[in-house]
J.: 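Sharing a structure, written as structure tokens. Questions coming.
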Protein chains: 2
Amino acid sequence: MLTNSRLVHQPHDHGRCINAAMTRAHDLCIEQNARMTTTRESVLRLLWQSHRPLGAYQLQDQLAELLNKPIAPPTVYRAIEFLLQLGLIHRLPSLNAYIGCPFPNSEHSNLFLICTECGSASEMAHATINNTLQSAGAKVNFTLQSQSLELFGLCPQCSEPLEADSNE
Amino acid sequence: MLTNSRLVHQPHDHGRCINAAMTRAHDLCIEQNARMTTTRESVLRLLWQSHRPLGAYQLQDQLAELLNKPIAPPTVYRAIEFLLQLGLIHRLPSLNAYIGCPFPNSEHSNLFLICTECGSASEMAHATINNTLQSAGAKVNFTLQSQSLELFGLCPQCSEPLEADSNE
DNA sequence: TTATTAATGTTATATTATAACGTATATTAA
DNA sequence: TTAATATACGTTATAATATAACATTAATAA
């Protein structure tokens with residue numbers, strides 16, 4: 001099982017998350033002979049500013065501010081599409097929002113744990129789940145191509161406020 | 001495991017699907033003391049016309065034609081919301097579309113098998129998957145509240161065209 | 001019947017996403 | 001190094017999905 005859950009849902013040196021993600025992204029671009037332009041890099045960096053997914057128009061606002069010039073929706077959506085195709089980000093359909101992928105090169109489950117309280121989202125890759133889904137599909141002769149798995153609930157931080165306070 | 005997959009992805013007496021669904025819906029409304037109005041019943045029936053999910057504006061068009069009067073989006077969305085709350089339909093976030101629920105009273109996985117070829121969608125409820133997801137979440141202290149699971153691929157009908165043709 | 005609640009009608013608008021076409025910048029080939 | 005080509009971005013308009021706010025009608029309860 002692969003997950004960034006502990007990082008996402010606990011205080012941590014987030015600068016390292018960002019740097020690691022940006023390095024991975026640049027490496028991947030070189031490998032794939034793809035161009036990491038200013039716009040694309042900025043969008044990716046914005047998506048890594050927090051572990052909360054951002055909508056396209058939130059990205060638009062933040063990108064305009066960051067680059068200090070007006071940005072139109074197509075610019076944002078183009079960057080999003082590029083990053084999606086490289087596997088550097090994911091789309092969370094139930095939120096119409098996007099989030100950086102913590103392990104763009106690894107096996108995927110497209111499984112997200114989304115906190116309904118604080119909005120943070122972590123990703124998991126889970127061979128058992130993949131196998132179970134695959135064989136559940138196979139049982140009814142369904143040939144699995146891709147999947148989108150969203151779990152909603154309370155992250156560790158948000159599910160234990162009482163325990164944290166009980167020391168007072 | 002509970003699924004309507006075999007029904008969805010194979011030729012069948014679809015009138016029975018519709019009738020069964022409408023009966024279940026009426027029963028549920030009585031049980032819940034909810035009102036099954038003309039608009040709501042029409043939307044539900046439209047969603048059961050096929051095993052393909054429909055978008056809100058497809059529903060709007062079809063509802064306007066069926067009721068022979070102009071229908072505005074809020075009317076559709078209100079009916080959708082009502083039916084969602086009763087568990088009579090589901091929303092498929094990746095498609096922005098809605099589909100009738102074949103077993104509104106049973107345990108749910110919110111697991112959908114969506115054919116990328118013909119657009120049909122079947123639903124499964126699967127205790128093993130639920131347990132696996134639940135415990136995968138628990139492992140990282142995530143308290144699961146709800147889930148949305150969408151599998152994309154080829155349904156039986158669409159995945160075996162060659163085999164079907166091979167008799168010629 | 002009247003009061004009350006629930007449902008629908010109506011208008012306007014918010015939010016998310018894409019089409020179409022022009023311009024600029026980078027890469028490749030000559 | 002320049003011309004040709006491909007790629008990315010700018011710009012305008014608009015499509016597609018969804019909701020807010022308030023008026024009206026219908027159903028139920030007092």
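Below, chains carry the letters A, B, ... as their sequence lines are ordered, and counting in each starts from 1.
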J.: May I ask you to check whether A/S109 and A/N130 show a side-chain donor-acceptor distance below 3.5 Å?
T.: yes
J.: Does A/T39 have a side-chain nitrogen or oxygen under 4.0 Å from the phosphate oxygens OP1 or OP2 of D/dA8?
T.: no
J.: Between atom CZ in A/R40 and atom P in D/dG10, what is the gap in whole Å?
T.: 11 Å
J.: Do A/N105 and A/R24 meet the criterion of a side-chain donor-acceptor pair at a distance under 3.5 Å?
T.: no
J.: Just to verify, which of A/F103, A/F112, A/Y98 counts as forming a ring-ring contact (aromatic ring centres under 6.0 Å, His included) with A/H90?
T.: A/F112
J.: With sequence neighbours left out, what residues match A/E41 under salt bridge (charged side-chain N to carboxylate O under 4.0 Å, His left out)?
T.: A/R45
J.: Are the ring centres of B/H14 and B/H51 closer than 6.0 Å?
T.: yes
J.: Just by distance, do the side chain of A/N4 and the backbone of A/P102 share a donor-acceptor pair under 3.5 Å?
T.: no
J.: Mind calculating the distance between CG (A/N68) and P (D/dG10) to the nearest angstrom?
T.: 14 Å
J.: Atom CZ of B/R35 to atom C1' of C/dT4: distance rounded to whole Å?
T.: 11 Å
J.: State whether a side-chain donor-acceptor pair under 3.5 Å links B/R91 with B/N96.
T.: yes
J.: Give the rounded distance in Å between these two atoms: CD1 of A/I80 and C1' of D/dA8.
T.: 16 Å
J.: Within this structure, what is the CZ-to-P distance between A/F82 and D/dA8, rounded to whole angstrom?
T.: 7 Å
J.: If you group Ile, Leu, Val, Met, Phe, Trp and Tyr by side-chain heavy-atom gaps below 4.5 Å, do A/V8 and A/L151 land in one group?
T.: no
J.: Any side-chain N or O of A/K69 less than 4.0 Å from the OP1 or OP2 oxygen of D/dC9?
T.: no
J.: If an axis is fit to five pairs at each end of the helix from C/dT1-D/dA30 to C/dA30-D/dT1, what is the angle between the two, to the nearest 10°?
T.: 20°
J.: Figure out the CD1/P separation between A/I71 and D/dA8, and round it to whole Å.
T.: 16 Å
J.: Rounded to whole Å, how long is the line connecting atom CD of A/Q60 with atom C1' of D/dT12?
T.: 14 Å
J.: Assess, by modelled atom type and distance only, whether the side chains of B/T116 and A/Q145 contain a donor and an acceptor separated by less than 3.5 Å.
T.: yes
J.: Just by protein heavy atoms under 4.0 Å, how would nucleotides 10-24 of chain C read 5' to 3' in B, S and -?
T.: BB----BBBBB----
